[in-house]
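In what follows, every chain begins at residue 1, and chains take the letters A, B, ... in the order their sequences are listed. For clarity, every value in this text was computed on a predicted model and none was experimentally measured. Side chains included, hydrogens not; waters and symmetry mates left out as well; all remaining heavy atoms used.
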Amino acid sequence: MPQKTIKEFSVEYLQILDENGKVDNKLEPEISDDDLLKLYHYMVLSREADTKLIKLQRQGRLGTLPACMGQEASICAPTLAINDKDWFVGSYRELGGRLMRGESLVKTMLLYNGYEEGSYNPDSPRTLPISVVLASQLLYAVGLAYASRQRGETDTVVLAFVGDGATSEGDFHEALNFASVWKVPVVFINQNNQYAISTPRHKQMNSETIAQKAIAYDMPSIQVDGNDVLAVYKATKEAVDRARAGEGPSLIESVTYRMLMHTTADDPTRYREDAEVEGWAKKDPITRFKKYLTERKLWNASKQKKLDADIAAEIDSSVKEFEAMSDFKPDAHFDYVFAEESELIKEQRAEFLENLKGDADNG
Amino acid sequence: MPQKTIKEFSVEYLQILDENGKVDNKLEPEISDDDLLKLYHYMVLSREADTKLIKLQRQGRLGTLPACMGQEASICAPTLAINDKDWFVGSYRELGGRLMRGESLVKTMLLYNGYEEGSYNPDSPRTLPISVVLASQLLYAVGLAYASRQRGETDTVVLAFVGDGATSEGDFHEALNFASVWKVPVVFINQNNQYAISTPRHKQMNSETIAQKAIAYDMPSIQVDGNDVLAVYKATKEAVDRARAGEGPSLIESVTYRMLMHTTADDPTRYREDAEVEGWAKKDPITRFKKYLTERKLWNASKQKKLDADIAAEIDSSVKEFEAMSDFKPDAHFDYVFAEESELIKEQRAEFLENLKGDADNG
Amino acid sequence: MAKMNMIQAINLALHREMEGDDSVLVMGEDVAVNGGVFRATEGLLEKFGDKRVIDTPLAEAGIVGTATGMAIGGLKPVTEMQFSGFSYNMFHQLEGNASRMRARSRGQFTVPLVIRMPFGGGVRALEHHSESKEVYYAHTPGIKVVIPSRPANAFALLRAAIQDPDPVIFMEPKRSYRSFKGDVADNPEPMQIGKAEIVQGGKDITVISWGAMFHDTQQVVEELQADSDISIELLDLLTISPMDAVTIAESVKKTGRCVVVQEAHRSFGPASEIIAHINDRALMYLEAPVKRVTMYDTTVPLFGRELLYLPSKGHIRKAIQETIDF
Amino acid sequence: MAKMNMIQAINLALHREMEGDDSVLVMGEDVAVNGGVFRATEGLLEKFGDKRVIDTPLAEAGIVGTATGMAIGGLKPVTEMQFSGFSYNMFHQLEGNASRMRARSRGQFTVPLVIRMPFGGGVRALEHHSESKEVYYAHTPGIKVVIPSRPANAFALLRAAIQDPDPVIFMEPKRSYRSFKGDVADNPEPMQIGKAEIVQGGKDITVISWGAMFHDTQQVVEELQADSDISIELLDLLTISPMDAVTIAESVKKTGRCVVVQEAHRSFGPASEIIAHINDRALMYLEAPVKRVTMYDTTVPLFGRELLYLPSKGHIRKAIQETIDF
Ligand SMILES: Cc1ncc(C[n+]2csc(CCOP(=O)(O)OP(=O)(O)O)c2C)c(N)n1
Ligand SMILES: Cc1ncc(C[n+]2csc(CCOP(=O)(O)OP(=O)(O)O)c2C)c(N)n1
Ligand SMILES: [Mg+2]
Ligand SMILES: [Mg+2]
């Protein structure tokens with residue numbers, strides 16, 4: 001037996017709704033009108049909320065936070081493809097997805113105001129808190145999927161998000177490997193927004209696509225236009241269906257762009273050209289989606305006006321609610337070291353409260 | 001633009017000298033007679049030394065050590081493809097390769113007798129000590145390759161070994177990614193010996209080949225019959241040539257089999273069938289190579305007799321030299337904490353020597 | 001009541017917990033078919049099947065990371081790190097997620113996870129197989145660190161660890177795995193994590209140790225008591241973190257003297273924390289400095305020299321003697 | 001002599017070392033084009049090119065692992081961990097290779113590597129961005145751990161770290177990056193790693209701190225001295241490991257009292273090691289227990305509460321007062 005080819009692979013790309021809002025009807029996914037409108041609602045809400053959060057941060061009313069503008073399709077469309085019984089395992093840039101999952105904007109603001117209370121979301125019991133250690137969340141996503149099957153939930157799927165930069169971490173590799181070996185129902189959504197802070201994709205990896213990384217695990221994958229809600233939804237829905245059917249995990253590379261700063265602490269003009277940003281502005285996912293909805297007669301200017309007003313009001317009342325909050329229990333942190341307080345923690349809590357009194361006395 | 005294929009990949013397999021010693025002349029690599037004989041010498045030496053080391057361990061004269069039988073082609077053929085100026089970065093199962101690099105068997109025995117002196121090999125200044133933290137060595141292999149280029153050694157190549165099990169570690173992924181981004185001259189040799197201790201390949205990964213893992217990095221790779229010296233050599237040589245020419249790293253999956261225990265602490269009958277082992281015995285790399293040499297008139301029974309005698313004598317004298325060694329400086333370890341001894345280490349060394357005296361006094 | 005060694009006791013504890021609770025599962029490298037490289041998990045696969053006894057891929061972060069997810073999802077994974085020396089591959093997972101999930105989510109998500117790992121020297125092993133670095137874990141909030149010393153307490157404490165609603169690092173002194181047997185009651189009083197054991201009372205000096213060193217220490221204590229009229233209070237620490245500062249301090253208040261014997265490196269080692277607790281709670285009772293008998297601050301030597309660098313009985317005896325004579 | 005803040009001093013040290021030695025290079029996440037998220041490496045890319053100033057892929061083990069190889073191969077890599085909270089991803093590389101290569105190979109292969117990492121709280125950051133876990137590194141043989149407190153010592157100690165033939169963890173108190181300026185001589189006396197600095201002499205009590213806490217501590221010391229006639233000896237630890245036990249002990253022998261102020265968690269923290277050294281060398285001089293003023297053993301809170309959990313000036317003052325009054 002001489003030299004011969006033993007395996008062949010390919011990577012597919014999917015786009016349905018193009019930059020000009022033209023749709024490829026053969027590929028159009030089935031989405032109910034209600035769901036289409038829900039999706040649009042949350043994409044717009046995400047964008048407006050994002051804008052508001054950044055403003056609040058600039059005014060010193062919130063701490064450092066990440067910007068999401070441009071990635072709304074890439075974040076919200078996958079979220080539409082799962083249901084409440086499924087798990088949502090995010091990184092930190094999935095604002096719109098979290099809102100769709102039922103988290104309130106008040107919680108988001110609490111978190112970015114430095115309170116763990118923002119990560120306590122009993123109304124969304126299957127949405128995990130944001131994860132900052134890059135790619136580490138993918139591993140617990142895989143474990144969650146294993147647990148759901150083991151506990152007899154034959155229907156549950158885990159949706160897990162990760163960035164392009166984070167694919168360089170060992171945990172990314174270990175998670176995809178475990179998922180494929182265990183054949184667990186996880187759908188990995190890669191937000192390929194072209195940058196990891198200042199580092200562009202080509203310094204991050206030598207491969208032209210992230211989708212091809214799934215080949216290392218014989219895992220289905222696809223690259224999609226991440227600013228095209230229809231493509232992102234369709235690819236995710238197919239992957240979710242496979243996962244539910246017991247056919248294991250998938251990787252979706254969603255090609256998108258972070259239009260603003262990495263976080264409010266970042267200055268993107270240091271590492272990228274305005275022209276690049278402008279190019280991507282033309283591919284905006286919301287503009288494109290709106291055109292599609294309008295053409296399908298699901299949308300019009302008066303609906304838009306009402307939506308804008310509703311969202312402005314919602315954000316406004318959330319900010320008010322958030323700003324009215326006070327009275328955060330100072331020693332709360334001692335409550336969450338262990339289920340049962342240890343002696344040392346008990347002593348330290350007492351010392352803490354004693355010192356607090358002292359500090360207050362000292363002004 | 002609808003759904004379309006954007007990338008295609010394939011994995012090749014190479015075998016030149018088949019299980020029966022039949023050679024595919026079209027693929028036969030150019031190797032000088034001297035080199036062929038050198039390769040054969042070291043493969044036999046490796047096998048005999050391996051056998052002897054295990055015997056010594058069984059007699060309590062050495063500690064736990066790994067067995068190499070069956071992997072001689074897979075280890076020695078790549079080593080033949082590099083030269084002394086190149087770096088050799090092993091894991092722990094490359095005995096034959098280390099001997100080819102000029103390490104003495106005495107050092108090997110010292111190491112497995114629990115003395116770091118066995119890892120001090122000034123005669124082989126570009127061979128790194130064995131590495132036990134799986135896959136971690138791949139990262140420093142990549143760094144070495146970067147350093148050689150940076151320091152103007154435009155010719156140096158790094159050969160790095162890793163097992164099938166170790167491909168699951170995050171470090172494997174990070175190393176291949178860094179190597180491909182930096183386009184450094186590293187050749188990764190994957191010893192796919194089918195097991196990681198008791199864990200077979202199919203529990204380790206969902207992919208059918210390890211070679212395909214290189215696709216994640218757009219890195220050239222190939223799967224070779226690891227018991228076929230000619231195939232292993234040829235694939236490595238091509239990869240080494242590419243690396244030297246500045247074309248970057250490669251991954252070679254060498255499909256072989258660990259015929260004996262993982263280490264002397266392991267009992268392989270707990271996890272695999274004799275029949276499987278017997279099947280692989282028929283593919284033995286040394287038998288096959290000997291047939292090839294004999295057919296090429298490079299080898300005959302009398303040469304074999306001489307080789308056997310030489311090797312027996314060499315091993316014997318190494319064992320004698322090793323066993324004659326004594327007088328290991330007890331406080332040697334304090335010498336290698338830092339280049340310059342710190343105060344605390346100075347004090348601790350004094351305390352150590354004081355205690356030692358006490359212990360001796362106490363018998 | 002049966003006589004067994006520590007490995008058997010650990011194995012029995014795993015059997016009992018898996019029988020008693022469907023959500024308990026065991027996972028790690030070579031734990032299923034092979035029964036673990038030390039045979040701690042032997043027989044579990046046959047009894048509980050490969051969904052609850054999992055040979056994982058070879059990746060420690062993968063093991064602890066996925067186990068964290070399983071624990072969040074309602075299971076109780078008992079993971080094995082083949083040797084503690086390879087547990088650092090998962091350190092970021094433990095520090096970053098498992099240890100923080102309760103605090104991060106205000107109790108919404110919790111991680112009842114056990115990480116078993118053989119540790120320590122004296123078994124003529126390869127590099128990375130002989131270290132005692134419990135401090136890395138003990139200095140991390142949100143996790144408990146337990147080190148048994150005998151079959152009976154290994155059995156009881158591992159069961160307590162599996163039942164614990166928070167992450168527990170269960171470090172097994174591999175030198176004690178098979179070196180002796182002890183009585184293990186199949187249904188003993190449960191043991192509580194967080195308590196040191198006063199193995200014997202005494203009034204002249206407090207001697208504290210844990211894990212494999214505990215046995216050398218105990219022998220020296222017995223020899224010293226046979227040879228002299230020193231009355232020694234011997235403590236087995238058992239839980240490294242959170243440390244039982246009260247028991248330590250009460251003992252030292254009584255004896256006024258203390259020796260700590262540990263395999264860990266000296267600097268920033270557990271003995272320093274013990275000394276700090278004594279400082280906080282019993283300083284004025286001290287009649288001599290607390291002595292630290294420890295591994296030195298060198299990399300742990302290969303086995304050719306390891307016994308020289310591990311605390312020797314002579315060293316322990318000398319430390320006790322000098323502290324008494326101070 | 002120029003006035004600059006700590007970030008500028010670090011940046012200048014990198015410039016000087018890279019100018020002076022071709023084998024020095026800088027690598028990490030976002031260190032080149034972006035000049036580092038704190039701008040510590042600003043201007044290096046333009047001056048030294050992208051072979052010596054490398055934007056790496058996003059992988060901490062990858063950075064430290066490849067840097068280890070570079071160091072073995074004759075270069076002097078200065079790596080940046082973007083925040084210390086992400087350095088645990090490379091812990092196995094450091095513990096398993098960089099820290100051991102000298103011992104493993106009997107000096108044949110050595111690793112002159114620097115790992116810079118901003119650490120500590122007080123800057124209103126996200127989770128994982130505010131921890132002080134120097135102990136993980138300090139308990140590891142074969143590596144040094146340095147923490148500067150001021151522009152001048154940051155400049156001199158970073159240069160010493162780069163020139164050091166062994167791995168040095170250089171932990172930068174990010175709260176002090178831009179909070180004040182100080183004089184930095186471009187060609188100062190070199191500073192030696194391993195020495196604590198007696199910032200001011202005194203005879204009633206020794207107060208020890210380092211990093212960002214040093215400044216709060218110094219302020220309290222100054223206030224106390226203004227308000228009373230307490231004479232305080234103030235030490236800046238500067239090197240965490242190997243610790244300057246002699247300077248600490250000599251000071252405490254003189255004063256008989258000591259307070260340690262640290263951002264690190266209390267249990268198994270650096271203060272415990274300081275107490276252990278005092279125990280070993282100066283116990284009988286102590287007139288009061290050494291006080292530990294520390295972060296508590298809870299996960300470091302998000303910034304909403306972090307100032308409550310970091311040692312406050314009130315807490316420091318109280319500790320000094322109580323120790324004096326003991
Ligand atoms: C393990 C780890 N290393 C470093 C960081 C610091 N960091 C935060 S975000 C970021 C870039 C992430 O890029 P990418 O994965 O592409 O996600 P994006 O921010 O673009 O959504 C870095 C380096 C981190 N959070 N975790
Ligand atoms: C990081 C790490 N985890 C676990 C181990 C323990 N261990 C030693 S060898 C081995 C199996 C390695 O298998 P493979 O990579 O296939 O190499 P082989 O032994 O077959 O040559 C394991 C799990 C280790 N040495 N390092
Ligand atoms: Mg990105
Ligand atoms: Mg193998």
Side-chain angles (χ1 to χ4, degrees), chain A residues 1-16 18-19 22 24-27 135 139 167-183 202-219 222-225 228 231 234-235 248-249, chain B residues 1-16 18-19 22 24-27 135 139 167-183 202-219 222-225 228 231 234-235 248-249:
Chain A
M1 179 166 70
Q3 185 146 3
K4 62 164 195 179
T5 299
I6 52 170
K7 304 257 305 179
E8 290 185 329
F9 304 96
S10 64
V11 177
E12 308 268 297
Y13 176 85
L14 180 67
Q15 187 193 51
I16 301 173
D18 77 8
E19 283 83 350
K22 231 183 106 251
D24 182 329
N25 296 107
K26 291 189 307 299
L27 293 168
L139 279 165
T167 65
S168 295
E169 291 284 359
D171 281 9
F172 171 81
H173 169 69
E174 297 189 15
L176 268 68
N177 190 45
F178 273 68
S180 68
V181 170
W182 288 347
K183 230 178 165 186
H202 71 89
K203 282 192 193 173
Q204 199 66 248
M205 64 193 81
N206 187 47
S207 68
E208 274 176 66
T209 72
I210 289 169
Q212 78 197 63
K213 295 184 184 298
I215 294 172
Y217 318 98
D218 269 346
M219 183 189 291
I222 189 167
Q223 187 186 65
V224 303
D225 177 346
D228 164 2
K234 184 176 172 143
Chain B
M1 180 164 72
Q3 186 148 5
K4 61 164 194 179
T5 298
I6 52 170
K7 304 256 308 180
E8 289 186 331
F9 304 95
S10 64
V11 177
E12 306 269 296
Y13 176 85
L14 179 67
Q15 187 193 50
I16 300 173
D18 77 8
E19 284 83 351
K22 232 185 103 247
D24 182 330
N25 296 110
K26 291 188 309 298
L27 293 169
L139 279 166
T167 64
S168 295
E169 290 285 358
D171 281 10
F172 171 81
H173 169 69
E174 297 189 13
L176 268 68
N177 190 45
F178 272 70
S180 69
V181 170
W182 288 347
K183 228 177 167 188
H202 70 90
K203 281 191 193 172
Q204 199 65 247
M205 64 194 80
N206 185 48
S207 68
E208 274 176 64
T209 72
I210 289 170
Q212 79 196 62
K213 295 184 185 298
I215 295 171
Y217 318 97
D218 268 347
M219 184 190 292
I222 189 168
Q223 186 187 63
V224 303
D225 177 347
D228 164 3
K234 184 176 169 138

Where A:Gln3 and B:Leu27 come nearest, the two heavy atoms and their spacing: N-CD1, 3.6 Å
Heavy-atom pair count under 4.5 Å with chain A, highest-scoring of B:Ala214, B:Ala175, B:Ser180: B:Ser180
B:Gln15 versus B:Glu19, side-chain donor and acceptor atoms under 3.5 Å: yes
Side chain / backbone / both / neither for B:Phe178 at chain A, heavy atoms under 4.5 Å: neither
Best-contacting candidate, A:Asn177, A:Asp171, A:Thr209, against chain B by heavy atom pairs under 4.5 angstrom: A:Asn177
Under 4.5 Å from a heavy atom of chain A, the part of B:Thr167 involved: backbone
Pick from A:Met219, A:Glu174, A:Lys22 with the largest number of heavy-atom pairs that fall under 4.5 Å of chain B: A:Glu174
Max heavy-atom pair count under 4.5 Å with chain A, selected residue of B:Asp225, B:Val224, B:Ile210, B:Asn206: B:Asn206
Heavy-atom contact with chain A under 4.5 Å, split by part of B:Ile222: side chain
Main-chain N/O of B:Ala216 paired to A:Lys213 side chain as donor or acceptor, under 3.5 Å: yes
Residue among A:Glu208, A:His202, A:Gln204, A:Glu8 with most heavy-atom pairs under 4.5 Å to chain B: A:Glu208
Residue B:Lys183 versus chain A: region with a heavy atom under 4.5 Å: neither
A:Asp218 versus B:Gln212, side-chain donor and acceptor atoms under 3.5 Å: yes
Contact origin within B:Gln223 toward chain A - heavy atom pairs under 4.5 Å: side chain
A:His173 and B:Phe172 aromatic ring geometry - parallel, tilted or perpendicular at 30°/60° bounds: tilted
Inter-residue atom distance A:Leu14.CG - B:Ile6.CD1, 0.5 Å rounding: 10.5 Å
